[in-house]
Peer 1: 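Below is the structure I would like to discuss, written out as structure tokens.
Please read all numbers here as calculations on a predicted model, not as lab measurements. Heads up: numbering here begins at 1 and tracks the sequence.
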Amino acid sequence: MPFGISIQKSTTENVLKEAIYLAHDCADESQATVSHKPQNILAVAGLKEKRKAGQGSMFWQFRPYEVGDTPRNIDWKRTGRGDNVIVKDRTEEQAETFRFWIDPILKEQGDKHYESLLYTLSLSVLIHENEDKTAVISKGKNAAKRGLTTLHSQLHYLSSFGQVPFENLKKISIPKSHTCILFSDFWQPIESIENELKPLMRQHPHGILVQVARSEELTFPFVGRTFFKNHEDIDKTYRIEDASAVKQAYLDKIETHQSELKSFAKRHGWRFETVSDAKSKQENLRTLYACLLHLEEKIR
């Protein structure tokens with residue numbers, strides 16, 4: 001029996017507004033743990049500083065003043081402690097780019113697509129707050145930008161038809177420096193997932209596979225006679241006289257599948273995370289957000 005349980009679809013009409021509120025809730029929760037107001041959302045975690053135009057905002061070392069150094073780099077406190085003029089060696093930071101993809105097949109599975117849109121847009125808000133850029137994975141040229149217009153463009157594209165299907169991801173050319181975040185339920189056979197994603201993952205050493213699942217798919221809470229529909233062929237129906245009799249076999253198969261997915265992602269330097277309605281949307285976003293921060297630390 002294929003994985004996947006179909007449920008009623010949700011409208012995407014207010015998803016952007018909800019995504020913005022969700023991102024701000026995520027930031028507010030972090031801000032409550034510190035005594036001062038941070039410069040930006042990502043700075044709450046203490047992992048990144050806000051990028052500025054021009055000269056970089058981070059320095060790596062102190063060194064003696066040399067001819068050609070600009071006076072504004074002088075560290076006057078350290079200079080005052082000795083006989084030499086000390087400057088800060090700074091490095092200019094470049095904005096990073098994150099590209100999102102939502103499996104088009106999720107449109108046939110109701111709220112999974114809505115939740116993928118919600119988390120994609122919420123993460124984009126957080127990314128933009130740190131002066132980084134986002135874009136979608138598409139067939140044509142798609143410049144990475146930030147701001148409300150970019151969020152609207154992402155929503156429009158990811159809600160429309162003509163998106164890149166799973167089997168065509170390996171044909172898409174994306175700059176190697178870009179980090180990819182892929183949303184799907186990933187219930188395909190592991191061999192198929194590996195064959196389709198290996199080319200992309202080899203091209204990009206860092207990324208996240210986000211599995212959007214229903215709690216019923218992960219826990220199989222059914223008992224007695226139960227009917228299941230194949231979301232790939234809605235005319236097919238499976239009847240099980242006693243669902244509880246097959247529960248353990250189902251859970252064993254799920255555990256094996258999840259373990260193989262996690263190992264596959266790890267071998268290529270990627271992360272694998274599962275989000276489901278078993279947790280709140282705030283909890284799921286914070287999980288994905290922490291995963292993204294972890295990737296950025298590795299990239300740097």
Side-chain angles (χ1 to χ4, degrees), residues 1-5 26 45 47 98-106 109 111-113 115-116 118-120 122-123 126-127 137 164-167 169-170 172 174 176 178-221 231 246-300:
M1 180 182 70
F3 297 130
I5 299 171
C26 178
L47 294 177
F98 297 83
R99 287 191 177 268
F100 291 93
W101 174 82
I102 297 178
D103 194 339
I105 199 173
L106 295 186
Q109 301 184 49
D111 282 357
K112 285 185 181 180
H113 187 260
E115 291 180 13
S116 298
L118 179 65
Y119 297 132
T120 292
S122 294
L123 286 174
L126 296 170
I127 290 169
I137 294 178
V164 179
F166 183 76
E167 60 272 14
L169 280 175
K170 58 188 174 185
I172 301 298
I174 305 170
K176 188 175 181 180
H178 294 188
T179 298
C180 299
I181 305 176
L182 313 181
F183 284 81
S184 180
D185 57 10
F186 294 109
W187 288 136
Q188 302 96 319
I190 187 64
E191 296 81 8
S192 173
I193 293 175
E194 290 184 358
N195 289 336
E196 301 298 343
L197 293 185
K198 270 183 181 178
L200 178 67
M201 296 172 79
R202 286 172 176 168
Q203 182 184 2
H204 300 272
H206 303 289
I208 308 174
L209 301 180
V210 182
Q211 180 187 53
V212 184
R214 304 257 56 81
S215 57
E216 292 89 349
E217 294 174 322
L218 302 174
T219 62
F220 202 79
H231 64 76
V246 301
K247 179 174 182 176
Q248 191 56 52
Y250 178 92
L251 293 179
D252 290 344
K253 188 173 182 179
I254 287 287
E255 183 178 0
T256 299
H257 185 77
Q258 301 296 81
S259 177
E260 290 174 340
L261 273 172
K262 186 173 292 187
S263 297
F264 167 63
K266 187 176 181 179
R267 287 198 303 271
H268 291 82
W270 283 46
R271 296 285 298 269
F272 171 74
E273 294 291 343
T274 299
V275 295
S276 78
D277 54 340
K279 294 183 179 180
S280 70
K281 293 173 182 177
Q282 287 82 0
E283 289 179 286
N284 285 330
L285 178 60
R286 289 194 63 78
T287 295
L288 297 179
Y289 178 43
C291 189
L292 184 147
L293 288 175
H294 176 80
L295 275 184
E296 288 199 301
E297 287 301 291
K298 289 178 63 177
I299 293 172
R300 295 184 178 283

Peer 1: Here's a test for you: under ring pair (Phe, Tyr, Trp, His ring centres under 6.0 Å), which of W187, F186, Y250 qualifies with H257?
Peer 2: W187
Peer 1: Would you mind reporting whether L182 and W270 have side-chain heavy atoms less than 4.5 Å apart?
Peer 2: yes
Peer 1: Taking atom CG of L169 and atom CD of Q203, what is their separation to the nearest 0.5 Å?
Peer 2: 11.0 Å
Peer 1: Output all residues satisfying side-chain contact (heavy atoms from CB on, under 4.5 Å) with E194, sequence neighbours left out; order by chain, then residue number.
Peer 2: I190, K198, F264, R267
Peer 1: In Å, rounded to the nearest 0.5 Å, how long is the span from NZ of K247 to CZ of F220?
Peer 2: 8.5 Å
Peer 1: So which heavy atom on I102 is nearest to which on H113, and how close?
Peer 2: CG2-CD2, 3.7 Å
Peer 1: Hey, could you give me the OG/CD distance between S263 and Q258, rounded to the nearest 0.5 Å?
Peer 2: 11.5 Å
Peer 1: Considering non-hydrogen atoms only, spot the tightest contact between T179 and G207 and give its length.
Peer 2: CG2-CA, 4.1 Å
Peer 1: With a 4.5 Å limit on heavy-atom distance, are the side chains of C26 and Q282 in contact?
Peer 2: no
Peer 1: Could you walk me through whether V164 and W101 satisfy the side-chain contact (heavy atoms from CB on, under 4.5 Å) test, starting with their C-alpha distance in whole Å, then the side-chain angles of each, then the deciding distance to 0.1 Å, before giving a yes or no?
Peer 2: CA-CA 8 Å; V164 179; W101 174 82; 4.1 Å; yes
Peer 1: Just wondering, do L118 and K281 contact through their side chains at under 4.5 Å, heavy atoms?
Peer 2: yes
Peer 1: What is the distance from atom CG of N284 to atom CG of L288, rounded to the nearest 0.5 Å?
Peer 2: 6.5 Å
Peer 1: Of the non-hydrogen atoms in Q188 and I193, which two are nearest, and what is the gap between them?
Peer 2: O-CD1, 3.5 Å
Peer 1: Please report the shortest heavy-atom distance between I174 and R99, naming the atom on each side.
Peer 2: CG2-CD, 3.3 Å
Peer 1: Could you check whether any side-chain heavy atom of L209 comes within less than 4.5 Å of a side-chain heavy atom of L197, counting everything from C-beta outward?
Peer 2: yes
Peer 1: Between I208, I127, L123, T120, which is the residue that forms a side chain to side chain contact (heavy atoms under 4.5 Å, CB included) with F98?
Peer 2: I127
Peer 1: Looking at E167, I'd like to know if its CD atom is crowded, meaning that more than 12 non-hydrogen atoms belonging to other residues, nucleotides or ligands lie closer than 6.0 Å.
Peer 2: yes
Peer 1: For S259 and E255, indicate whether the former's side chain and the latter's backbone hold a donor-acceptor pair under 3.5 Å.
Peer 2: no
Peer 1: Please confirm whether the backbone N or O of E273 pairs with a side-chain atom of Q211, one donor and one acceptor, at under 3.5 Å?
Peer 2: no
Peer 1: Does any non-hydrogen side-chain atom of Q109 lie less than 4.5 Å from one of L106?
Peer 2: yes
Peer 1: Between CG of D103 and NZ of K112, what distance do you get to the nearest 0.5 Å?
Peer 2: 10.0 Å
Peer 1: Any non-hydrogen side-chain atom of P205 less than 4.5 Å from a side-chain atom of K176?
Peer 2: yes
Peer 1: Under a 3.5 Å cutoff, is there a donor and acceptor pairing between the side chains of D252 and Q248?
Peer 2: yes
Peer 1: So, for S276 and S215, which heavy atoms are closest and what is the spacing to 0.1 Å?
Peer 2: CB-N, 4.3 Å
Peer 1: Check whether more than 12 heavy atoms from other residues, nucleotides or ligands sit under 6.0 Å from atom NZ of K262, and answer yes or no.
Peer 2: no
Peer 1: Do the side chains of T274 and L261 get nearer than 4.5 Å, heavy atoms only?
Peer 2: no
Peer 1: What are the two closest heavy atoms between I137 and C180, and how far apart are they?
Peer 2: CD1-SG, 4.1 Å
Peer 1: Could you tell me whether the side chain of I181 reaches within less than 4.5 Å of the side chain of Y119, counting heavy atoms only?
Peer 2: no
Peer 1: As an exercise, state the distance from CG of L126 to OH of Y289, rounded to the nearest 0.5 Å.
Peer 2: 5.5 Å
